[in-house]
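Take a look at the structure set out below.
One is the number of the first residue; the rest follow in order along the sequence. Basis for what follows: all heavy atoms, side chains included, without hydrogens, waters or symmetry-related copies.
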Amino acid sequence: MEFDLIPEMVREASLARREMEGSSQDRLDGLVRAIGRTIFDNAEVLSRLVVDETGMGNCADKAEDIREKSRNLWNSLKGRKSTGIISEERGHGVIKIAKPMGVVGAVVSCADPVTSLMCTAMFAVKAGNSVIIDPHPRTKSCAAFTVELIRTALRTLDAPVNLIQSVEEPSTLKSSELMSLVDVIVATGGKDVLGMAYSSGKPAYGGGFGNVQCILDRDIDLEKAVEMIAAGRAFDNGIISSGEQMMIVHNDDFLKAVENLEKNNAYVIRDSVEASRLREILIDEEGQAFRDTPGISAWTLAERSGLKADRSVTLIAVEADGSEETEYLQKRRLFPVLGIRRCTSFEDAVDIASENLAVDGTGHTAVIHSDNEDNIRYAAEQLKVSSLLVNQVAATMAGGSFMNGLAPATVQGCGTWGNSILSGNFSYSHLLNLTTVSLPAENQYPPSDEELWE
């Protein structure tokens with residue numbers, strides 16, 4: 001970009017959006033496809049850029065995440081109506097016409113900058129909007145590179161050059177200014193960023209904080225369930241917000257679950273001395289995670305804390321025993337440490353999950369590994385979460401998957417439980433204004449009082 005003055009960027013974005021007015025569905029979809037395909041084709045390069053710039057996560061998992069998210073997003077968006085008349089119910093006299101909201105301000109966190117950027121860009125363009133990316137300062141270089149890749153791809157399709165832009169030197173002041181000038185905000189990041197978005201005076205969608213509780217029911221394939229939980233907690237060094245955080249297992253199954261964790265490259269802490277060492281390198285005196293811990297490898301954590309772990313270790317597991325040393329395990333953690341809690345019954349497991357969600361992560365996601373429909377329904381009724389995954393890996397499937405019916409997304413709202421108007425996965429439809437045409441309904445008559453009140 002030749003400029004980084006926020007008002008000028010917003011003006012250019014507005015002009016680009018107006019150039020797109022009247023675009024056909026085919027044109028919009030062609031642009032959306034180009035964004036997704038460009039990111040898909042550059043997954044390896046982009047994953048390396050993110051890891052090099054942020055020091056968080058690992059390249060292999062990030063590349064896989066980028067590829068799968070781009071595939072899922074395009075598959076979910078192609079052919080969907082997002083401009084002009086999108087639905088007609090002639091019998092009820094209702095026609096709905098979709099229109100863009102305008103300029104989207106996308107505040108992107110440092111945890112998954114490429115997929116978040118791609119996702120919001122694809123949703124914005126699908127709905128006929130323009131978008132300005134406001135990256136975290138730690139990801140400004142990879143964000144600028146990613147946006148330039150997209151701009152180059154869109155130029156070949158004669159799209160307006162400033163349909164997508166990126167703030168090159170991000171700051172809190174610029175974020176605040178951007179939020180005050182755009183038409184709608186999509187924000188991921190810490191509580192300060194979300195608080196700024198919600199108080200900006202503009203419509204805002206915010207991604208919530210995950211603290212995924214995983215309940216293991218009795219009489220299940222415990223080996224398979226533990227394998228999925230271990231895979232989710234280890235994925236991308238634990239940086240994924242929807243990644244598994246706590247495994248809640250019946251006391252009678254505890255030892256078997258621990259054995260299976262070890263089979264899945266987990267180092268299981270077995271005494272209070274090791275637990276204390278781990279806590280010292282993770283958590284400060286105020287109970288907050290040190291700034292250099294998010295996204296570092298399990299092996300690095302083990303080395304720093306003096307654990308005698310093999311280099312193949314991908315996660316560290318420690319029992320949350322109610323002591324002050326393990327209290328931090330109740331909270332969201334962005335490093336590959338899995339908490340384990342024992343329970344005495346299924347109801348007890350749900351109570352533990354609820355207790356931990358109340359500390360952190362309420363409204364986001366939980367997992368249950370169960371074949372008991374009654375227990376699944378009980379958990380769904382009791383837990384304050386927007387998504388309850390059954391027998392799935394939350395880290396890679398809570399944001400939508402070919403193997404479930406959740407909308408692919410990188411932003412998940414936590415409902416009013418998490419101070420969000422959005423409950424569930426964010427999508428392009430949230431960036432549309434709708435005009436509803438109401439015609440006289442055909443063959444519709446008001447019921448008589450006798451019919452109405454019978």
Donor-acceptor pair, distance only, cut-off 3.5 Å: does the side chain of [X] make one with the backbone of [Y]?
X	Y	result
Asn129	Met101	yes
Arg233	Ala231	no
Gln165	Leu163	no
Gln444	His92	no
Thr293	Ala289	no
His136	Arg138	yes
Arg17	Ser130	no
Thr300	Ile296	no
Asn404	Met397	yes

- Message: Test of understanding: with ring-ring contact (aromatic ring centres under 6.0 Å, His included), list the residues that count as partners of His430, not counting sequence neighbours.
- Response: Tyr205, Phe426

Salt bridge (charged side-chain N to carboxylate O under 4.0 Å, His left out): which pairs involve [range], sequence neighbours left out?
range	result
residues 71-88	Glu68-Arg71, Glu88-Arg90
residues 111-132	Asp29-Lys126
residues 55-64	Lys62-Asp236
residues 40-53	Arg37-Asp41, Glu44-Arg67, Arg48-Asp52

- Task: Could you list all the ring pair (Phe, Tyr, Trp, His ring centres under 6.0 Å) pairs where at least one residue sits in residues 359-403, not counting sequence neighbours?
- Result: none

- Message: Please evaluate residues Glu21 and Arg18 with respect to the criterion salt bridge (charged side-chain N to carboxylate O under 4.0 Å, His left out), reporting the C-alpha separation (whole Å), side-chain torsions for both, the decisive distance (0.1 Å), and the verdict.
- Response: CA-CA 5 Å; Glu21 288 182 356; Arg18 285 199 287 273; over 6 Å; no

- Item | For Thr396, all residues meeting side-chain contact (heavy atoms from CB on, under 4.5 Å), sequence neighbours excluded | Phe235, Val393

Does atom [atom1] of [X] have more than 12 heavy-atom neighbours from other groups under 6.0 Å away?
X	atom1	answer
Lys96	NZ	no
Ile421	CD1	no
Gln382	CD	yes
Asp284	CG	yes

Decide yes or no for [X] and [Y]: does some side-chain heavy atom of the first lie under 4.5 Å from some side-chain heavy atom of the second?
X	Y	answer
Leu117	Pro135	no
Ile215	Phe346	yes
Val184	Leu431	yes
Met247	Arg341	no
Ser241	Arg332	yes
Pro160	Met20	yes
Met246	Leu329	yes
Leu49	Thr139	no

How about [X] and [Y]: does a side-chain donor come under 3.5 Å of a side-chain acceptor?
X	Y	value
Ser423	Ser386	yes
Thr435	Lys99	yes
Asp360	Gln330	no

- Task: Run the numbers on Arg27 and Ser24 for side-chain hydrogen bond (donor to acceptor under 3.5 Å, both in side chains), then give the verdict.
- Result: CA-CA 5 Å; Arg27 186 188 187 202; Ser24 68; over 6 Å; no

Using every non-hydrogen atom in the two residues, find where [X] and [Y] come nearest and quote the distance to one decimal.
X	Y	answer
Gln412	Ser387	NE2-OG, 3.4 Å
Val186	Val411	CG1-CG2, 4.1 Å
Ala159	Leu31	CB-CD2, 3.8 Å
Val367	Ala394	CG2-CB, 3.6 Å
Leu154	Ile35	CD2-CG1, 4.1 Å
Leu383	Ala353	CD2-CB, 3.9 Å

- Task: Kindly write out the residues that satisfy salt bridge (Lys or Arg N to Asp or Glu O under 4.0 Å) with Arg377, not counting sequence neighbours, or none if the list is empty.
- Result: Glu373

- Task: Please assess Asp217 against Ser370 for the test side-chain hydrogen bond (donor to acceptor under 3.5 Å, both in side chains), listing each intermediate value before the final yes or no.
- Result: CA-CA 5 Å; Asp217 204 351; Ser370 176; 2.7 Å; yes

- Query: Stepwise, does the salt bridge (charged side-chain N to carboxylate O under 4.0 Å, His left out) test hold for Glu168 with Lys174?
  - Reply: CA-CA 10 Å; Glu168 292 186 351; Lys174 287 180 180 179; over 6 Å; no

Just jot down the side-chain hydrogen bond (donor to acceptor under 3.5 Å, both in side chains) partners of [X], sequence neighbours excluded, or say none.
X	value
Glu454	none
Asp351	none
Ser175	Asp134
Glu451	Ser448

- Query: Between Val103 and Val131, is a side chain to side chain contact (heavy atoms under 4.5 Å, CB included) present by the stated rule, with each step listed?
  - Reply: CA-CA 6 Å; Val103 179; Val131 59; over 6 Å; no

- Message: Run the side chain to side chain contact (heavy atoms under 4.5 Å, CB included) test on Val104 and Asp183 for me, step by step, so that the C-alpha distance in whole Å, both residues' side-chain angles and the decisive distance to 0.1 Å come before the verdict.
- Response: CA-CA 6 Å; Val104 179; Asp183 296 298; over 6 Å; no

- Message: For Arg151, is there an ion pair with Glu148 - N to carboxylate O distance below 4.0 angstrom?
- Response: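 Counted as a salt bridge, because a side-chain N and a carboxylate O are separated by less than 4.0 Å.
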
- Task: Give the intermediate values and the outcome of side-chain hydrogen bond (donor to acceptor under 3.5 Å, both in side chains) for residues Glu227 and Asn260.
- Result: CA-CA 7 Å; Glu227 180 183 2; Asn260 279 286; over 6 Å; no

